[in-house]
Structures are given as structure tokens and as C-alpha cells.
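For reference, the structure is listed below as C-alpha cells.
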Amino acid sequence: MTPQQRLVDRFCRYVQVGTTANPDTDQYPSSPGQLLLGKMLADELYAMGAVDSHQDLNGLVWATIPGNIANAPTILLNAHLDTSPESSGDSVQPVVIDTYAGGDILLANGNSITLADTPELASLVGHTLVITDGTTLLGGDDKAGVAAIMEIAQRLLYSPELPHGPIRILFTCDEEIGRGTKHFSLAKANACAGYTLDGGGAGNIDVGTFSADMATVSFRGRNTHPSVGKGVMINALRAASHFVSLLPRDSLSPESTCDREGFLHPYRLDGNVGNSTVQILLRDFITDKLKEYAETIRTAAEKTKEMFPGLEYDLAVIEQYRNMGDVLRNHPTAVELAEKAFIQLGRPFKRDIIRGGTDGALMSALGLPTPNLSIGQFNIHSTREFASITMIEQAIEHMICLLGLWATTQGN
Ligand SMILES: [Zn+2]
């Protein structure tokens with residue numbers, strides 16, 4: 001079996017383990033499939049000769065590939081086991097297209113991935129692609145990263161001539177619902193830089209993420225029987241909908257912004273006459289802007305209170321993650337060596353930013369600079385998701401080259 005065939009087999013095996021994250025439970029991890037897949041990976045890492053391969057009490061998978069160059073620094077590679085709850089991840093049926101010939105791709109359930117909705121397809125002619133039957137997501141986000149790291153581990157362990165320092169492997173759980181680093185230990189990682197393999201397409205080095213907070217506004221009204229509501233009832237549900245209508249829509253919203261613009265995103269409303277709650281995501285590349293957005297929310301809540309005499313409200317804002325760009329600027333080696341490896345391989349690349357977060361953003365904030373790299377994902381979180389095996393293979397070559405470059409630098 002060629003390494004590329006092994007990669008295809010590996011990827012298809014991993015996507016068939018359902019690992020959909022469940023935001024409606026406090027259990028960790030939030031779905032049993034993540035434990036199942038994690039156990040599979042820990043066993044495979046052990047079998048291929050990785051050191052200290054284990055699944056910890058929280059379901060995170062850790063392993064080490066010993067270095068073969070004295071004093072080379074330890075590098076962490078991480079990917080996440082869960083898939084997005086936005087589309088079903090049950091009974092994923094991967095279908096391999098050995099050599100994509102171009103044009104629209106018809107899925108088994110009758111839907112299509114078209115050039116019109118996915119223009120990137122035009123540049124993928126000749127690639128090996130993996131699609132689904134159209135009823136589920138694929139889970140290339142982030143099993144592409146998982147399969148790549150497993151393949152990198154195997155190739156390094158089986159090819160002692162490839163130079164590298166110690167490699168720390170980490171598979172996290174529940175990244176898609178913001179809990180990927182809840183049980184991450186910086187001391188246990190014990191690395192001097194990291195790479196998250198969780199990006200779209202090929203050749204992107206994500207050096208910035210949003211900074212993110214979440215606001216919860218809780219309104220307390222007064223419920224009565226509707227027959228005797230006159231002058232007494234204070235409808236918290238009506239108040240919440242008024243409040244949402246006061247938030248910016250033609251600007252500072254996901255529907256109206258792109259690139260480096262931030263937004264306020266009311267994404268969940270629960271309630272009844274007596275009590276209602278609105279949850280709002282605050283996002284911007286400039287961390288200080290989040291304070292302004294919180295003020296916009298407070299102003300809208302105050303106006304709502306004026307409009308509904310007797311209404312009470314609470315506003316709580318919690319920090320979610322911070323733009324990793326600030327950390328990576330101060331610790332530039334991880335990004336510079338990633339660029340150098342692309343140059344050595346003669347491949348195009350670019351620095352990019354993500355309108356979202358990654359596990360690496362939280363690891364960077366803790367002091368471990370961890371940019372995010374492309375791993376051949378497309379149309380993530382949707383039933384039109386697919387992955388390019390050709391790009392995953394290229395990312396593996398890039399990482400092996402990059403780890404070789406790290407081995408030439410001074411140690412931890
Ligand atoms: Zn992901």
C-alpha cells in the first residue's frame with residue numbers, strides 16, 4: 001500500500017466514526033463518538049511506536065514522537081476530534097473520487113456541489129477528493145487534520161533519516177462548541193511552538209483570529225393571566241424582540257461585514273412572558289472594540305427598559321478567546337519557518353486571518369504560539385463538504401519539511 005492509499009484509508013475510517021459535538025450538554029466530551037475515535041487513535045499511535053500514547057481522563061489524546069536531533073525544540077501538532085453540530089455527522093458515507101475531472105459533482109442523494117457555489121473546484125482538477133452521499137457533513141473539519149497528523153507520525157517513526165526534534169501530538173475534543181482547550185495543559189504540552197491543522201484549502205498560514213466575547217441579556221417581566229393583563233403584564237418576550245430590533249443590522253452584523261470587520265451577532269433567543277434571554281456573539285480583530293460592542297448592547301437594553309416600564313434586565317459578558325495575532329507577532333519563528341518550508345518546496349502560500357477562532361488561538365494566549373495551517377477542507381459544516389486528499393498529502397510534506405527546519409534551530 002502506498003502512503004497516499006494509506007492516507008485515504010485512514011481518513012475514510014476516521015470520518016465514519018460519528019463525533020458530532022453536542023452544545024446542549026455539560027458532559028466532556030459532549031458525545032461518546034469522540035471517546036471512541038480518540039481510543040482508536042491512541043491505540044494506533046501506540047502500535048506504530050509513539051511514546052506515552054494515551055487518552056486522558058477528559059478524552060484528549062496525547063503522544064510523543066521522540067526527536068532524532070539533539071537539542072531540537074519540541075513542536076506540538078494538534079487537531080480536533082469533534083465535528084460541527086450544524087449538519088448531521090451520523091453514518092457518514094465517504095466516497096472517493098480518484099481523479100476529479102472537473103465540473104459539478106453529483107452526490108448520491110441528488111444534490112450537487114457546483115462550480116457556481118464552490119468556485120474553488122476549478123483549481124482542483126486532477127485531485128483525489130472525498131465527498132459524502134449528500135445527507136451528512138464529511139467531517140474533514142477536522143479529521144483531515146487528524147489523518148494528516150497520524151500519517152506524519154507514522155512517516156517520521158518509519159523513516160529515521162527524516163530529521164526532527166520531539167513532536168507532541170494532541171487531539172482535542174469539542175472545539176466546534178468552544179471547549180477545545182478547556183482541559184488543555186500547557187505544562188503537559190511542554191512545547192516551544194505549535195501548529196493547528198484545521199484550515200481550508202492549501203497554503204494558508206492563519207496568523208490572526210477574531211477576539212471573541214459572548215453577551216447574555218436576561219429580561220425579567222411580569223406574567224399574569226392574559227385576561228387581566230391590562231396595566232400589569234410586562235412581556236419579557238416582547239421586550240427581547242424589541243431589544244434585538246435595536247441592534248445594528250446594516251453594519252456590524254454577520255450579514256453586512258467581511259474581511260477585517262467585526263460584528264455583534266444575536267444568535268439565540270429563549271423565553272416566555274415572565275423571562276427571556278438573548279445571547280449575542282461579539283467579534284472583532286481589535287480586542288478593544290469588544291468593549292464598544294458591549295456598550296452598544298447595554299444602550300439597547302437600557303432603551304428597552306425605558307420602553308417597557310417595570311422591566312428589569314441583567315447583562316453578562318464572558319471572554320471566549322483572543323486574537324492570536326498579538327502573540328504571533330511577538331513570537332514570529334513559528335510563522336517564518338512555515339513560510340520557509342513552503343519556499344523550499346516551491347509552493348505558493350499566504351498569511352491569512354480567520355473570521356473565527358481555533359484551538360491555537362487559546363493555546364497562543366496561554367503562551368504557546370500556534371498558527372493554523374491549511375489541510376484541504378472545503379464547504380465545512382455543510383452536507384456539501386468535501387476534502388482534497390491531494391492537499392492533505394501536500395500539507396503532510398510541508399509539515400515534515402517544516403519539522404526538519406525546526407530541528408536546525410536551538411532547543412527549548
Ligand atoms: Zn475545525
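Remember, it's 1-based here, ligands and their atoms both numbered in the order they're listed.
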- prompt: Taking NZ, NE, NH1 and NH2 as the nitrogens, is one of them in Glu393 or Arg155 under 4.0 Å from a carboxylate oxygen of the other?
  reply: yes
query: How about His80 and Thr172: does a side-chain donor come under 3.5 Å of a side-chain acceptor?
result: no
Any sub-3.5 Å donor-acceptor pair from [X]'s side-chain atoms to [Y]'s backbone N or O?
X	Y	value
Glu385	Leu138	yes
Ser276	Ala236	yes
Ser87	His381	yes

query: Residues in side-chain contact (heavy atoms from CB on, under 4.5 Å) with Tyr28, at least two apart?
result: Asn58, Leu60, Cys173, Asp174, Arg179, Lys182, His183
Distance below 2.8 Å from the Zn ion (ligand 1): protein N/O/S atoms: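 His80 NE2, Asp141 OD1, Asp198 OD1, Asp198 OD2, with waters left out.
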